[in-house]
Amino acid sequence: MTQGKLIVFEGTDGSGKKTQAEFLVRYLTNHNISHATIDFPRYKESFFGSIAEDLLLGKLGENIPPKLAVLPFACDRWQIKNDVISWLEGGKIVLSNRYTASSAVYHAAKLPQSEQQSFIEWVYKLEQEIIGLPKENLVLYFHMPVESAQSLIDKRGNTKDTYEKDTELLKTVETLYLSLVARYPHWKMIQCTKDSQIRPREEIHKEVLDVFAQNGIL
Ligand code: TMP
């Protein structure tokens, strides 16, 4: 059995990655391609996911040191690690909406710039070396400029988490995501806007499939 592939969708809130994940799942289903999907954090579904939710809503206090704040997110992934490994061993495409990188960039953004890159490496060490989570084969970063994303979040009218309220923080998150795209060949960027307009969802979906084909996923 050929080993499956772990595909991660990343992006700032309001980037449309969840919609793109739904489009992709429909494509995989229609083409009988064996797959599994997962959404992190698993808010209500896991013990640690619900701690992550409390943390995001500020219920655990403000200014939690980043090295502590990332732990419930990492444990949430640890709780489902064996499933992910067996899906991959079973040859599935595993599509994860957010993964280690979300913890790395969102929490690094709270640190002074000089500490951000080493913190990102520390989070990867925690999750991949210490916890032993599978490495991503491909990360798609859906790049939605913060201003456009904010207007979408406002339109959605959902409760904003502590990050969604802070535009400056989100701009730093965006910069850190871009640094990962520049550094790692298995990170690919999908532009969600063109000439300051949000691109049609179907057009972005087609680009996602092209990136998959170029990277030997489909
Ligand atoms: P979302 O549910 O709207 O995608 O938002 C998830 C929030 O949680 C987002 O602000 C990023 C943050 N996050 C982490 O800090 N660490 C993680 O591991 C994950 C998955 C999300």
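First listed ligand is number 1; within each ligand, the first listed atom is number 1. Values below: all heavy atoms of this structure, side chains included; hydrogens, waters and symmetry mates excluded.
- Every atom of ligand 1 with a heavy atom of Phe40 under 4.0 Å away is listed here by number and element: 20 (C).
- Set against the non-hydrogen atoms of Tyr43, the atoms of ligand 1 under 4.0 Å away are 1 (P), 2 (O), 5 (O), 6 (C).
- Side chains of Gln128 and Thr100: a donor-acceptor N/O pair is absent below 3.5 angstrom, by distance only.
- In summary, the side chains of Glu10 and Tyr177 do present a donor paired with an acceptor at a separation below 3.5 Å, with no hydrogens or angles considered.
- Listed by number with element, the atoms of ligand 1 under 4.0 angstrom from any heavy atom of His107 are 14 (C), 15 (O).
- The residue among Leu56, Val173, Asp39 with a heavy atom at the shortest distance from atom 8 (O) of ligand 1 is Leu56.
- Of the heavy atoms in Tyr106, only side-chain atoms (C-beta onward) come closer than 4.0 Å to ligand 1.
- The proximity of Arg77 to ligand 1, defined as any non-hydrogen pair under 4.0 Å, is limited to the side chain.
- Under the 3.5 Å distance criterion, the side-chain polar atoms of Ser103 are left unmatched by any main-chain donor or acceptor of Tyr99.
- The option with the heavy atom closest to atom 4 (O) of ligand 1, from among Glu10, Glu53, Arg98, is Arg98.
- Using a 4.0 Å cut-off between heavy atoms, Thr100 makes no contact with ligand 1 at all.
- Counting heavy atoms of neighbouring residues, nucleotides and ligands inside a 6.0 Å radius, atom NZ of Lys188 exceeds 12 of them.
- With a 6.0 Å cutoff to the six-membered ring centre and a 45° limit on the axis angle, Arg98 does not count as a cation-pi contact of Phe9.
- Taking the six-membered ring where tryptophan is involved, the planes of His143 and Tyr141 are tilted, since the angle between them lies from 30° to 60°.
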